[in-house]
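So the structure is just underneath, and the comments pick up after that.
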Amino acid sequence: NIIRINIPQLSEERRQELMKAVRRRVEERRIVIRNLRREIVDELKELEKNKDISQDEHKHGLNQLQKLTDNFITNVEQIGHDKVAELVQV
């Protein structure tokens with residue numbers, strides 16, 4: 001009871017379409033990450049404004065947030081790069 005499905009090789013045109021889709025998705029994820037960062041920065045500003053945190057805590061939070069943001073964006077870009085490289089291979 002084996003079902004075999006033959007999947008044809010991707011055409012060059014289809015590969016290009018898929019690579020564009022991957023790049024578009026990567027850019028969308030970067031935008032999502034930056035939007036989340038902006039929301040958290042606004043929350044940190046509000047906390048500092050209300051004197052719930054000190055300026056030092058605010059700066060430390062911003063630095064930590066920037067490191068996390070950079071890390072996530074790097075991960076997204078690496079995944080996108082790997083997927084494009086996979087699509088390029090014949």
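For clarity, every value in this text was computed on a predicted model and none was experimentally measured. For the numbers below, each heavy atom of this structure counts, side chains included, while hydrogens, waters and symmetry mates do not.
A single hydrophobic cluster is not seen to contain both F72 and L62; linkage of ILVMFWY side chains at heavy-atom distances under 4.5 Å, directly or through other members, places them apart. In this structure, I33 is not a member of the same hydrophobic cluster as L44, with clusters built from ILVMFWY side-chain heavy atoms closer than 4.5 Å. Under the 4.5 Å side-chain heavy-atom criterion for grouping Ile, Leu, Val, Met, Phe, Trp and Tyr, I73 is not connected to V41 through any hydrophobic cluster. With hydrophobic clusters built from ILVMFWY side chains whose heavy atoms lie under 4.5 angstrom apart, L18 does not share a cluster with I7. I31 and V26 fall into different hydrophobic clusters, where Ile, Leu, Val, Met, Phe, Trp and Tyr side chains are chained together by heavy-atom contacts under 4.5 Å.
Atom CG in D82 sits 11.0 Å away from atom CG in L87 (nearest 0.5 Å). Atom CD of Q64 and atom NZ of K59 lie 15.0 Å apart (nearest 0.5 Å). The CG atom of L10 sits 12.0 Å away from the CD atom of Q89 when rounded to the nearest 0.5 Å. Here the NE2-CG distance, from H58 to L65, works out to 9.5 Å after rounding to the nearest 0.5 Å. To the nearest 0.5 Å, atom CD of residue Q66 and atom CD1 of residue I40 are 11.5 Å apart. Between the CD1 atom of I53 and the CG atom of L47 there is a distance of 5.0 Å, given to the nearest 0.5 Å.
A salt bridge links K83 with E86: the distance from a Lys NZ or Arg NE/NH1/NH2 to an Asp or Glu carboxylate oxygen falls below 4.0 Å.
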- Begin with the C-alpha distance, continue with both residues' side-chain angles, and end with the deciding distance and a verdict on side chain to side chain contact (heavy atoms under 4.5 Å, CB included) for R15 and Q9. CA-CA 10 Å; R15 287 179 200 272; Q9 292 289 329; 4.0 Å; yes
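E12 is listed as a side-chain neighbour of Q16, based on a closest heavy-atom distance under 4.5 Å. Under the 4.5 Å side-chain criterion, counting only non-hydrogen atoms from C-beta, N50 is in contact with E46.
In this model, no donor atom of one side chain and acceptor atom of the other lie less than 3.5 Å apart for E39 and N35.
For S11, the side chain to side chain contact (heavy atoms under 4.5 Å, CB included) criterion is met by E13, R14, not counting sequence neighbours.
Note on residues 29-38: pairs passing salt bridge (charged side-chain N to carboxylate O under 4.0 Å, His left out), not counting sequence neighbours, are E27-R30, E27-R34, R30-E77.
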